[in-house]
Amino acid sequence: MAEGKIVDIAALDPHKASEVICVHCGKRWLAVRPTETLLRDLRCPDCKNYGYVIETGEVLKEECD
């Protein structure tokens with residue numbers, strides 16, 4: 001019997017990457033999340049608050065090697 005590789009099926013879900021900012025404390029970062037995740041559900045890594053994150057509108061350039 002062959003053993004299979006365990007794959008996290010959530011890792012195969014579509015994801016979105018964008019620059020975001022917490023309007024509460026001003027922290028900016030790149031957020032990678034499943035596409036169905038709402039911005040209000042993101043937690044700021046600095047002030048730890050939910051509900052203050054918005055996308056900056058910065059267009060991220062895709063690069064492939």
Subject >> Test item: Cys25 and Cys44 side chains (from C-beta on) under 4.5 Å apart, heavy atoms >> reply: yes
Subject >> Student check: side-chain heavy atoms of Tyr50 and Leu42 closer than 4.5 Å >> reply: no
Subject >> Residue of the set Thr35, Leu60, Thr37 for which side-chain contact (heavy atoms from CB on, under 4.5 Å) holds with Lys16 >> reply: Thr35
Original post:
Ile21 pairs by side-chain contact (heavy atoms from CB on, under 4.5 Å) with which of Glu58, Arg28, Lys27, Glu55?
Top reply: Arg28
**OP:** Give a yes or no on whether Ile54 and Tyr52 share a hydrophobic cluster (residues Ile, Leu, Val, Met, Phe, Trp, Tyr; joining criterion: side-chain heavy atoms under 4.5 Å apart).
**Re:** yes
Original post:
Atom CZ of Arg33 and atom CG of Leu38: how far apart are they, to the nearest 0.5 Å?
Top reply: 9.5 Å
**OP:** Examine distances only and state if a side-chain atom of Arg43 and a backbone atom of Asn49 form a donor-acceptor pair shorter than 3.5 Å.
**Re:** no
